[in-house]
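Ligands are counted one by one from 1 in listed order, and the atoms in each one are counted from 1 as well.
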Amino acid sequence: MDSVRSHLNEYVTALGRSPVRDLFEISLDPALISFAGGNPAPELFDVDGLAAAFSAVMATEGGRAMQYSSTDGEPEMREAAAKRTTEMGVPTSPDQLIITSGSQQGLGLLSQTLINPGDVVLAENPSFVSALQAFGLQGAEFKPVDTDEAGVIPEALESAIEKWHPKAVYLIPTFQNPTGITMSAERRRQVADILAASDTWLIEDDPYSELRFTEEQQIPISADQRLDDRAFLCNTLSKVLSPGLRVGWVRGPAHVLERMSAAKQANSLQTSTIDQLAAAYYLAHNDLQAKLDGVRAEYRARRDAMLEGLREGLPEGSAMTEPEGGMFVWARLPEGHDASALVYDAIRAGVVFVPGAPFYIAEPDPRTLRFSFVSNDPEHTREGLSRLGSVFDRG
Ligand SMILES: Cc1ncc(COP(=O)(O)O)c(C=O)c1O
């Protein structure tokens with residue numbers, strides 16, 4: 001049908017759907033055990049602490065909390081975001097960042113601000129589907145950078161930059177989504193050297209680094225001051241406090257943040273005033289790190305149960321990552337299996353996982369699949385994996 005009603009924007013028309021979002025509704029069925037979503041465990045949310053924060057804000061500043069507010073973020077939240085980023089090893093003042101409605105909005109605004117149709121974006125292969133959607137909406141072309149168990153391979157990055165002259169490099173160096181892989185400190189230095197000598201933006205996405213199960217703190221690549229004029233660090237409260245809040249931020253060079261702010265006005269005017277004030281109040285009146293200790297211990301136990309169950313339950317000849325934090329394990333089934341073809345068999349057997357193929361920007365490996373280990377306690381993880389066992393045997 002050739003009418004104006006069928007002529008949508010070409011990039012929206014071509015946009016792939018996130019398999020995670022498509023399985024979201026299905027995975028809400030309480031009869032199913034879901035390993036699909038990137039959802040923090042709801043029973044570990046500090047509901048009482050957040051309720052107290054919202055009440056206090058409404059009691060003392062209700063009118064302000066209910067009102068429109070600034071595009072770049074409320075001063076208290078910018079202050080809190082700068083403090084958190086500094087504690088993560090990247091010295092930051094409030095005027096070096098803008099608040100966004102989750103880091104997904106940060107990725108969307110960066111895409112609108114930096115990318116023209118046809119610009120090349122380098123990314124890990126596989127990578128976070130919703131980031132690929134955000135860049136895809138601006139007509140970006142993706143090229144993969146080879147990785148191994150220590151993250152991006154520096155020589156591969158160097159030659160990809162030389163070959164493709166990318167506009168930007170998008171990386172998730174810590175507890176990557178979907179693989180759970182973490183880039184080593186040595187690699188981070190090498191990547192920073194390469195980017196410092198290049199003419200490429202770095203978009204560093206870091207939602208998971210505080211969910212670590214070892215003592216070792218991963219310092220973002222953006223901490224390297226040589227990159228101050230070209231690095232964007234996206235962060236969020238989603239995985240450590242609540243994704244329902246929709247509060248994140250982007251740290252980057254001031255002249256680009258100013259343009260992102262103009263793009264944000266066009267998109268959404270602002271981030272929710274009450275969410276920002278409540279989040280800032282919460283961070284000022286609670287020791288989030290102390291609370292996270294409990295979350296980390298529980299997630300670690302859940303990770304252990306998942307790895308143990310997968311070691312027993314995956315077919316002979318499978319491989320998997322062993323993440324030291326974050327939310328995801330990435331597995332590869334033996335030759336001849338197709339994870340996408342098994343999804344609906346798995347749902348019939350009462351369990352949901354996400355097939356790996358849609359996460360790839362090139363050469364999708366149909367044998368891969370992603371498991372979230374945080375959503376279920378060890379007992380449910382064991383039960384879910386035993387349900388999957390029969391599906392893999394048939395596959
Ligand atoms: C790598 C990565 N970046 C960004 C996001 C988006 O998080 P937010 O809730 O802050 O928009 C996610 C969520 O799953 C993610 O995994």
Would you say that more than 12 heavy atoms from the other residues, nucleotides or ligands in this model lie under 6.0 Å from the [atom1] of [X], or not?
{"X": "Asp199", "atom1": "CG", "value": "no"}
{"X": "Gln289", "atom1": "CD", "value": "yes"}
{"X": "Gln270", "atom1": "CD", "value": "yes"}

Run down the list Thr236, Val129, Leu107, Ile172 and name the one with the heavy atom closest to atom 10 (O) of ligand 1.
Thr236

Would you call Asp377 and Arg382 a salt bridge, taking side-chain N to carboxylate O under 4.0 Å as the test?
no

Starting from [atom], find the nearest protein heavy-atom neighbour and note its residue, name and distance.
{"atom": "atom 12 (C) of ligand 1", "answer": "Phe128 CZ, 3.3 Å"}
{"atom": "atom 3 (N) of ligand 1", "answer": "Asp205 OD2, 2.6 Å"}
{"atom": "atom 6 (C) of ligand 1", "answer": "Ser103 OG, 3.6 Å"}

Show me which atoms of ligand 1 lie under 4.0 Å from any heavy atom of [X].
{"X": "Ser238", "answer": "8 (P), 9 (O), 10 (O)"}
{"X": "Tyr208", "answer": "13 (C), 14 (O), 15 (C), 16 (O)"}
{"X": "Gly102", "answer": "10 (O), 11 (O)"}
{"X": "Arg246", "answer": "8 (P), 9 (O), 11 (O)"}
{"X": "Pro207", "answer": "1 (C), 2 (C), 3 (N), 15 (C)"}
{"X": "Lys239", "answer": "13 (C), 14 (O)"}

Proximity to ligand 1 by part of Gln105, non-hydrogen separation under 4.0 Å:
neither

Would you kindly specify which portion of Gln176 sits under 4.0 Å from ligand 1, judged on non-hydrogen atoms: side chain, backbone, both or neither?
neither

Nearest-0.5 Å distance, CG of residue Leu307 to OG1 of residue Thr321
7.5 Å

Pairs meeting criterion side-chain hydrogen bond (donor to acceptor under 3.5 Å, both in side chains) with involvement of residues 147-164, two or more places apart:
Asp148-Arg187

Indicate whether the side chain of Gln105 and that of Ser268 have a donor and an acceptor atom separated by less than 3.5 Å.
yes

In this structure, which one of Glu43, Glu308, Glu379 forms a salt bridge (Lys or Arg N to Asp or Glu O under 4.0 Å) with Arg302?
Glu43

